[in-house]
Amino acid sequence: MLENEKDSECSNLRNVSSLNIDYLKTTEFKMIKKLLSEDNLEYITDYLRDLLNVSKENNPDCFVKKTPFDSLHSHEKRGIMYVRLSQEDLDKEEGNVSKSILNQILMLLSYCNDKKIKVVGIFYEEDISGSDRSRIEWNKTLRFCELGNTDIYICKTQARFARSIEFVEKYLHKKFIEWNIRFLSIVDNIDTFNKGNKKSSQITAMVDEWKLEEQSINTKKTLRAKNDAGQWTGSFAPYGYMEDPDDMYHLVVDEEAAKVVREIYSMYANGYGYYKICQCLNERKIPTPSKYKKLHGLKFVCGKAPNGAEFWNTDTIKKILLDETYDGILIQHRTEKVAYNIKRYRKVPRNEQSIIACAHDRIVDSDVSNTVRKKFADRKFKIDLDNARKCSTQLICYVKECLKNLSIEKVKSEEINTAIKELENDLISDDIKLITNKYGNLREKISTLNNDLYSSINDKLDIFTTSKSRSRPGKNGDIHIFSRKVYCAVCGKAFQKNNSKSGSKEKLLKKAYLHCGNHKKTGGIQCDNNGYISYDVLEELVLNEINKIIKKYYSTEKIEKYYSLKKQSYDCEKDIIILENEKKDIEKKLNKKNEHLVMLYEDKIEGIITTDEFVILKSKYQKDVDNFSSRIKEIKKEINRSNIKKTVDDNKNNILKKYTHITKLNRRIVNDFIEKILIGKKDDNNNRFIKIFWDFNI
């Protein structure tokens with residue numbers, strides 16, 4: 001069943017106080033009251049208690065583990081009934097009570113009366129998929145069986161119990177046998193005490209699961225068709241909008257909430273940060289989006305705050321600012337289920353989403369919205385550009401260093417040097433695509449070397465690592481020390497942290513490990529780095545490497561080098577000042593030459609000089625202009641390189657002065673020392689490539 005989709009969302013159990021009481025006069029209800037023995041009942045779902053006017057309270061100990069003596073089976077045959085209504089059943093309502101509820105209960109009670117089965121429990125659920133393992137009442141039936149409180153489990157059909165071959169195999173043919181529970185389904189005549197029924201049960205489960213999958217496919221197709229037609233199909237309208245009372249598939253502006261959205265956009269456009277915006281909204285006690293939905297009677301469920309969040313947070317502000325719905329654009333199908341029977345979702349690529357412009361009225365003024373969108377775009381562009389320049393500069397340094405010590409064919413050496421020059425020339429460009437293409441070209445040239453030379457250079461090479469989200473806290477609220485620091489050497493995606501469990505429930509042990517998130521997410525299709533690495537092993541390795549660097553830095557052997565580094569940093573500053581002054585002088589000369597060219601053109605127009613004289617003089621001036629422009633470009637490159645070198649050296653000295661010896665890593669230490677860690681695949685000997693990229697040159 002699809003989440004967040006109107007046509008298939010789960011409904012809550014109905015409020016019996018509002019039901020039409022005509023069903024009390026029906027033949028079905030009268031027969032149920034005649035067959036049902038309240039004295040035998042240990043448990044009945046609250047909704048059915050009110051529906052059937054059952055006065056007996058549930059036994060508070062029916063889900064508590066019994067002593068060996070108490071758990072002995074009685075001589076009578078005890079049974080429980082599980083009633084589940086599908087969406088199709090709910091559509092066949094008469095008044096406010098579905099006939100299917102009464103019909104199912106009457107069918108099961110009649111069967112139990114004929115077979116002399118004492119009904120000790122009646123469990124009921126509605127509009128919940130038979131493949132859902134989180135069904136509350138269904139799980140209660142399993143607990144009831146496990147504790148030995150019944151001997152027989154009765155359903156109308158096996159599909160009411162489960163529409164999954166996995167559940168049927170696990171419970172009907174394994175757990176129920178272990179618990180000595182007999183399963184009966186009346187319509188499809190399945191009885192687990194009849195050994196010849198097993199194949200029939202398995203085939204029925206397979207057919208039920210195929211139907212469920214086909215239903216899921218058809219539902220998705222229907223929803224996609226509505227999305228592409230510009231119809232809103234979400235469960236709840238975005239904050240600032242509400243469903244049109246005249247058309248449930250259309251959004252209209254909710255002015256009360258829309259005022260808050262406009263204010264958030266306005267504050268951000270005027271320089272307010274997320275935190276300051278949150279502070280302003282919280283001080284004025286403006287309800288959060290989840291609280292607002294609750295206050296207006298919507299059945300919105302927030303896992304972390306059942307009654308709605310009390311305070312605004314930065315994630316909510318960012319989500320509102322990034323949402324293009326407020327520009328009148330309807331964006332749907334942003335996520336989808338991995339599979340119909342797996343409750344995990346994946347993000348749908350932008351080009352596969354359903355995007356319809358002008359589908360509803362916009363809330364935010366276009367000028368304000370454009371300012372906000374530009375701020376986000378500029379920030380992302382700057383981060384990506386800085387990362388591309390930094391990685392390219394490192395690559396150039398590593399390759400040049402390796403080429404000095406290696407013997408390479410002249411032709412290949414020239415090709416690599418040409419690729420280096422091309423990349424250096426484009427470093428001052430703002431075109432990220434151009435820089436990354438030249439970066440990839442240089443790496444491709446290196447890959448043509450023989451294996452030994454390639455391996456020697458590749459040990460010092462970096463790859464562009466990608467991470468689309470910030471570091472996020474785990475379930476305990478903490479961010480682990482390697483968050484967004486460890487990446488896959490194969491695909492460049494971030495490693496994720498997970499815990500493996502071992503031992504008994506009383507002595508449960510959790511062991512942390514890291515793995516490539518891209519490998520797990522795509523099932524190995526996009527990345528074959530399937531090896532896990534122990535969190536403790538990586539932490540110990542990094543700690544030892546950091547302490548080695550600190551020890552080298554403070555050793556007598558390195559003292560002279562430290563002073564030379566200080567001198568080198570001072571020289572970098574002098575070089576930058578000299579280059580900046582030279583750049584200013586050349587820019588002045590360049591401006592004068594351009595002025596002369598303008599005057600020269602005017603002299604030609606006025607006839608002061610001839611055309612031949614104009615061509616000769618223009619050629620001379622243009623040559624000077626080209627030379628000046630070329631020199632300014634070279635100076636910018638030199639200044640850029642000097643700044644990077646100075647920053648790296650200063651950063652190294654500042655960090656190393658903080659520490660003498662580290663006994664335990666924390667996130668601050670990792671951030672100080674490490675830019676990122678690359679982890680490769682395991683080889684045949686179970687060894688793997690691990691490369692630490694420090695936040696400074698070692």
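- Residues Ile481 and Val670 share a closest heavy-atom pair of O-CG1, 3.5 Å.
- For the residue pair Arg135 / Tyr82, a side-chain donor-acceptor distance below 3.5 Å is found, with atom types taken as modelled.
- Of the possible donor and acceptor atoms, none in the side chain of Asp208 sits under 3.5 Å from a partner among the backbone N and O of Ile165.
- Panel note: side chain Ser369, backbone Asp365; no donor-acceptor pair is recorded below 3.5 Å.
- Gln353 approaches Val348 most closely through the heavy-atom pair NE2-O, 3.0 Å.
- For Lys226 and Tyr249, the side-chain atoms include at least one donor-acceptor pair closer than 3.5 Å.
- Although no hydrogens or angles enter the test, the distance criterion places a donor-acceptor pair under 3.5 Å between the side chain of Glu125 and the main chain of Ile136.
- Under a 3.5 Å cut-off, the side chain of Asp188 and the backbone N or O of Gln158 do form a donor-acceptor pair.
- Shown here is Glu214, whose CD atom has no more than 12 heavy atoms of other residues, nucleotides or ligands within 6.0 Å.
- Side-chain atoms of Arg49 and Asn58 form a donor-acceptor pair, as typed in the model, at a separation below 3.5 Å.
- Between Thr141 and Phe123, the shortest heavy-atom distance links the atoms CG2-CG, 3.3 Å.
- Between Tyr292 and His296 there is a side-chain heavy-atom pair separated by less than 4.5 Å.
- No more than 12 heavy atoms of other residues, nucleotides or ligands shown are found within 6.0 angstrom of CZ on Phe311.
- Atom OH of Tyr272 has 12 or fewer neighbouring heavy atoms from other residues, nucleotides or ligands inside a 6.0 Å radius.
- At distances below 3.5 Å, at least one donor-acceptor pair connects side-chain atoms of Tyr241 with backbone N or O atoms of Thr325.
- Interatomic distance, Arg373 CZ to Ser366 OG, rounded to the nearest 0.5 Å: 11.5 Å.
- Taking the ring axis of Tyr268 as reference, the NZ or CZ atom of Lys375 stays within 45° of it and closer than 6.0 Å to the ring centre.
- Of all non-hydrogen atoms in Val261 and Gly240, the two that sit nearest each other are CG2-CA, 4.4 Å.
- A distance-only check finds a donor-acceptor pair linking the side chain of Thr288 to the backbone of Lys291 [under 3.5 Å].
- A salt bridge does not link Glu213 with Arg163: none of the charged nitrogens is closer than 4.0 Å to a carboxylate oxygen.
- Side chains of Leu52 and Ile105 form a contact here, defined as non-hydrogen atoms less than 4.5 Å apart.
- Side chain of Asn282 to main chain of Trp312: a donor-acceptor pair is present (N/O by atom type, distance under 3.5 Å, no hydrogens or angles).
- No hydrogens or angles considered: nothing links the side chains of Tyr265 and Glu263 as a donor-acceptor pair under 3.5 Å.
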Audit row: Lys140, Tyr43, side-chain hydrogen bond (donor to acceptor under 3.5 Å, both in side chains) steps and yes/no: CA-CA 10 Å; Lys140 284 183 179 179; Tyr43 177 85; 3.0 Å; yes
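- When each of Tyr535, Tyr487, Phe495 is tested with Phe482 by the rule ring-ring contact (aromatic ring centres under 6.0 Å, His included), just one qualifies, namely Tyr535.
- Using a 4.5 Å heavy-atom threshold, the side chains of Arg362 and Ile329 count as separate.
- The number of heavy atoms from other shown groups lying within 6.0 Å of CG (Asp361) does not exceed 12.
- Between the side chain of Thr45 and the main chain of Tyr47, no donor-acceptor pair closer than 3.5 Å is present.
- Side-chain atoms of Arg160 do not come within 3.5 Å of backbone N or O of Cys155 as any donor-acceptor pair.
- A salt bridge links Arg334 and Asp323; the closest N-O separation between the charged side-chain nitrogens and carboxylate oxygens is under 4.0 Å.
- The backbone N or O of Lys347 lies less than 3.5 Å from no partner atom in the side chain of Glu336, so there is not a single donor-acceptor pair.
- The nearest pair of heavy atoms linking Ile679 to Asn529 is O-ND2, 3.1 Å.
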